[in-house]
Structures are given as C-alpha cells and as structure tokens.
2 protein chains.
Amino acid sequence: MMFELQQLQQLIAIAESGTLSAAAERLHLSQPALSRSMQKLEEHFGAPLFSRTKNRMTLNETGVVAVQQARCVIEATESFDAAVRQKIKSLTLRIIGSCAPGPLWDLVPDISILASGMTIAYEILDDEALLEARLRDGTYPLVLLSHPMEGDDIVCKPYIEEQLFVSFPAGHQLASRKHLWAKDLDGLTMLLFTNLGIWSHFHNKMTKTHFILQTDRQAFSDLVTASVLPNFVTNLSRDHQNPQLHRVVVPLMDKEAKKTFYLCARKSNQQLFARIKPRI
Amino acid sequence: MMFELQQLQQLIAIAESGTLSAAAERLHLSQPALSRSMQKLEEHFGAPLFSRTKNRMTLNETGVVAVQQARCVIEATESFDAAVRQKIKSLTLRIIGSCAPGPLWDLVPDISILASGMTIAYEILDDEALLEARLRDGTYPLVLLSHPMEGDDIVCKPYIEEQLFVSFPAGHQLASRKHLWAKDLDGLTMLLFTNLGIWSHFHNKMTKTHFILQTDRQAFSDLVTASVLPNFVTNLSRDHQNPQLHRVVVPLMDKEAKKTFYLCARKSNQQLFARIKPRI
DNA sequence: GTCGATTACGTATTACGTAACAATT
DNA sequence: AATTGTTACGTAATACGTAATCGAC
C-alpha cells in the first residue's frame, strides 16, 4: 500500500468542496501541497482521478469511484479508532482524589494490584462538593475527600493522613527550626507545584509568601535540586519523590497543614471498597 | 486521523511474527524504526498496545483488539485499491500494434475520439504469431500486423503504410543522396530508439552499423538535436515528433523498409473495427 | 554470548509554504 | 482583476539506519 489516509481524506474534501482551493482551506493546507498530494495519488494508480483544464479540476469517472470507496476506508479507520479507544476505556478504572497527588500515590498502586491489568485514571479537583456529586452520579466509583461523607447509600472510611513540611536547603536560616507556622514563611520565595487540589486553599491564604509555580513535574524536580529555594513536601511525597539530599525538613504546625483523607464509595460498589486497606 | 496505514500493517506484522525484530525483518525495516513507529501509535491513543518487559514486547488486551480492527482497515484499503484499479481497467481499451509506435500514433487518437473518455492502452511486440493468438483469445480487441490475418471469425483491412528514412545532419556526407540502401550505412554510428517492434528485425540485420540505443523518449529527442549522428525517421514519425530542423531526410529503398500494416479484429467486435478509417 | 528492545544521534528524504506563473472568467 | 491550478525552490519536519545501552535467556 503506497498511499496515505490523509490523501483519501483530501480526496473526499475536494469532492465535497468542489474545488481544490476550497478543500485546501478546509484542510488548513496550501493549494500547492494539496495539488501535489493528489498528483501522488494519481501516480500510485497510474491513471488520472481528475479531468483537468488549465484552471479547473473535476473528478473524472475513476475519481468518483475513488471517492466512494475512500469514504468506506475512512469509515473503517474511524471504527478502528473508536474500537480501540472503547477498549482502552473499558480497561480504565476512574477514581478521583480531592487532595491529590498525595493519597493517590498509595491508592493508585493498591488498586492497580486489586484490578490487575487495568489502567487507573484519576482526577484532582479542589471542589469537594463536586466530588461528592460525581460519586453519587456514578461518574466515579471512588472518591477521596478531606472529610467523611454522609449518606444512606454511601460507605466511607479514613484512608490516609498527610502532613505538610517545608523543605529547606541545608544552610537556610529557618533550617534549624524544629517546627514552623505558615506565617513564619511570610516574605519568602518558594517553589510550588501546581494541581494540588485542596492544598491550594492553604497556599492561597499565604498571601505574603511569593510562590514560583511550576506545572511540569520534571522541571519542578530539577528546580528543587538546582535552586536554594524552599518548597513543600509531605509525609507522602517524601516516599514517592526523590529523597531530598542536602535538605532539611521542618513540620508545619497549623491545623490546616494536617489532613485526614476519607475514601468513599457507593454501597453498590462496596466489594472493591472493602478490599482497599487504609494506610492510617 | 493521526496515524498511518503503514503503522497498522506494522502492527499486524508484529502480531503475526511474534516479535518486533522478526516483524522488522519481514517489513525490511530496522528494529528501532519499527519500535518508534509503534510508540507513535500508542501515543496517538494515549495508552499502551503492548506490555513491555525489558527485552520482550507482547500485545496487551488493547493491542489484540487493535490488531483485529486494523485487519478490517487494511481490508478496506485493499478493496479501495482494487475498486479503483478495476474502474481504471474498465475505462481502458486495450489494443496492440506489432509495428509500434508508428501506426499507433494515428490509431490511438482515432480510437480515443471514437471511445471518448476511455484510456487507450497498447503494447508493442515483435512476435506477430503471439499477437494473432492474443487477438483470438480475446486479450486484445484489435491488433496491427504487418501482414493480413486469416481466419473465419477475423476481419482485417490495410490501415497504414510506413516508410523508413534516414535523417542526417545537414553537412553529413550521405545527406546529398537521393536514396539509400541499408548496406550504405555500414560502418556508421546511429542513434536508435528502442521498442520498435518488428522494425527491430530490420535493424538487427544491419550488423555492420553501430547503434546507440536509447530507451527514454525525451533523452533520445535531446540526443538527436544535440548530436551529429544520423537516426531513423518514418513518414509517420515525422508527423508526430518535432520537425527535424537542419536535417536532411533520405528514403531507404530496401523492400523491408516499407511496410503495410493491417488492422485486424474478431468479427464479434466488428462495430468498432468498422468505424476506424484506414489511413491508406 | 546472543537476542530483543529502547535510546541517542547524524543524515537523507519528504512535505510544506512562499513565490512566481499560466490561464480562465 | 480575481480565481484556480501547477511549477519551482528553499526550508523545516520526520523517518530512517547505525551505533550504543540495557536486560533477559
């Protein structure tokens, strides 16, 4: 097979648009590119698919057949794509954690073992009311909340605790402290990883601390080791990220710096729920 | 659609070969290339199609579905290809001329007009017995022979005459001759276009003349104008090729240098045959 | 040590867009 | 003049093969 799916789509686009120019625009392609592409397709068959006058290109009899058949091929590729995506979806178990990533770092591997072969998909949201709704409407079989969830058809248990620490480079002025409060960080510049779920609420209150946000995990990690800026770690993150060499870790004493996460499920989905062992 | 047919074929090849290496060899591709190609396919779906250990790659559940579906797509592309080729074939009228190209230069345009929209395909052979057989077995509706054809179910008429000339550059020693015999060309070096059908028999007898053979029409044409070498032309070729400027044309008097070509058809195909007007 | 797969890297192909052109309306 | 398609050309994307690496058998 020496032709490409693209070419078939282009052929169809030309048939539907009437002219090569219009099709090119529709395909976000230049006219010359499309012209050459069709020439190649014709070359493949060794026969023209269009009848050409100097400034007009119309499908000839062969071209009409080609368009018909090309539609079948595109249809086949679309059902291929759909079938594979469907399969992937069917092999994907959707959970949701409010305070990701922390609790998920333990929960996802646990579930991976319980549901072997499945891919675990998760979403991190800071709106816990929305999470409760998502559990109830069946979008997710499991949610992790920072508080117990009420409801007749709901089961819920404490799963894990997370405690915030601040990580300082060895020589930092606060590195010798045994404990800290959030207000001690006023005026500091810190590195902060994004997508922290409800932890964001905590950081948002620290209006006097300047945060350098970083969305990319690897870039964040590189920055931490390369810079002398303090950053946050937790009892959970320390297990899962690189051990912080040449760094001192000091606990935060604010009551919002320690959270218990509750694993919640609908009773109808209790069998999976029951098999997940709390880490608390 | 962001994947290629190639990738689907490769996926199938891997499934059939068992390993990536074996498939790579079968596809005349290096292992790394195939590896990357599959990584791209997985990237497209955002999910793995293989389960990988360090030195083993096996289709996972998603991959198995993908292979199944990919087979359907390939099947569809093959019927696309077949349908288009079939259509092209159905729009192609096959004729055959023994002494091409000469007589065909007139015959092909004539038939193009009679069978408007059709592509005319022809073949040039120097074996006239074979041509007769091809007419009888239906491979070709029409043949051009250098002699009349016999047979109850055969119709036949003289179509055209072709006379060989030699074309010399203006200053050539033989350019002033009113006529020539083949033996006068002994010792000369001449340009000769290939695929001349039965004319080859004539040239083959001229063992003392050295021929520079040229298969490409354009290259031959360029050589003729650029060199001072003599070449053959005919009453038919002079009409269809560029007029030979600064050249003198001298007729060949040998009886093999003049041929009458006969158009032959089966009686069952007489209606087309009848509409073709002889050029004689 | 061989085999199978991935990563890294330099190169060669190719595919694209811009520009220039030809021809039609 | 505006539209439509083709050709020419320089560049950017990419796809490939070789070589190196890492593990498994």
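Order of the sequence lines sets the chain letters (A, B, ...), proteins ahead of strands, with each chain counted from 1.
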Out of C:dG4, D:dG17, D:dG5, whichever nucleotide has its closest atom nearest the side chain of B:Thr19: C:dG4
Between C:dG4 (C1') and B:Phe50 (CZ): distance, integer Å: 14 Å
Rounded interatomic separation in angstrom, taking CG from A:Leu34 and P from C:dA15: 14 Å
5' priority, DNA chain D, between B:Gln31 and B:Lys40 [closest heavy atom]: B:Lys40
Indicate every side-chain donor-acceptor pair of residues 63-72 of chain A with a distance under 3.5 Å to a residue at least two apart or in another chain.
{"unit_1": "A:Arg71", "atom_1": "NH2", "unit_2": "A:Glu16", "atom_2": "OE2", "d": "3.3"}

Donor-acceptor contact present, side-chain A:Gln7 to main-chain A:Ser37, <3.5 Å: yes
A:Ser21 vs D:dG5: side-chain N/O to OP1/OP2 distance below 4.0 Å: yes
Flag, side chain of B:Tyr140 to backbone of B:Glu123, donor-acceptor distance under 3.5 Å: no
Side-chain donor or acceptor of B:Ser79 paired with backbone N/O of B:Ala76 under 3.5 Å: yes
Nearest-Å distance for atom pair CD1/P, residues B:Ile14 and C:dG4: 14 Å
Presence of B:Ser35 side-chain N/O under 4.0 Å of C:dT6 phosphate oxygens OP1/OP2: yes
Parallel, tilted or perpendicular: ring planes of A:His203 versus A:Phe211, cut at 30 and 60 degrees: perpendicular
Interatomic distance where CZ belongs to A:Arg56 and P belongs to D:dA2 [whole Å]: 18 Å
Side chain B:Ser237, main chain B:Val233, donor-acceptor under 3.5 Å: no
Separation of C:dA15 C1' from A:Gln7 CD (nearest whole Å): 11 Å
Under-3.5 Å donor-acceptor pair between A:Arg36 side chain and D:dG5 base: no
Interatomic distance, B:Leu20 CG vs D:dG17 P [rounded to whole Å]: 13 Å
Only pairs under 3.5 Å count here: list side-chain donor-acceptor contacts from residues 39-50 of chain B, not counting sequence neighbours, and write none if there are none.
{"unit_1": "B:Gln39", "atom_1": "NE2", "unit_2": "B:Ser35", "atom_2": "OG", "d": "3.3"}
{"unit_1": "B:Glu42", "atom_1": "OE1", "unit_2": "B:Arg52", "atom_2": "NH1", "d": "2.9"}
{"unit_1": "B:Glu42", "atom_1": "OE1", "unit_2": "B:Arg52", "atom_2": "NH2", "d": "3.0"}
{"unit_1": "B:Glu42", "atom_1": "OE2", "unit_2": "B:Leu49", "atom_2": "N", "d": "2.8"}
{"unit_1": "B:Glu42", "atom_1": "OE2", "unit_2": "B:Phe50", "atom_2": "N", "d": "3.3"}
{"unit_1": "B:Glu42", "atom_1": "OE2", "unit_2": "B:Arg52", "atom_2": "NH1", "d": "2.8"}

Sugar-phosphate only, base, or nothing, as touched by B:Ser30 at under 4.0 Å among non-hydrogen atoms: base
Separation of C:dA15 C1' from A:Met38 CE (nearest whole Å): 13 Å
Base-contact (B) and sugar-phosphate-only (S) positions in nucleotides 20-25 of chain D, heavy-atom cut-off under 4.0 Å, - elsewhere: ---BB-
Length of the CG-C1' vector between B:Leu29 and D:dT18, whole Å: 14 Å
A:Gln6 side chain near C:dA15 phosphate (N/O to OP1/OP2, under 4.0 Å): no
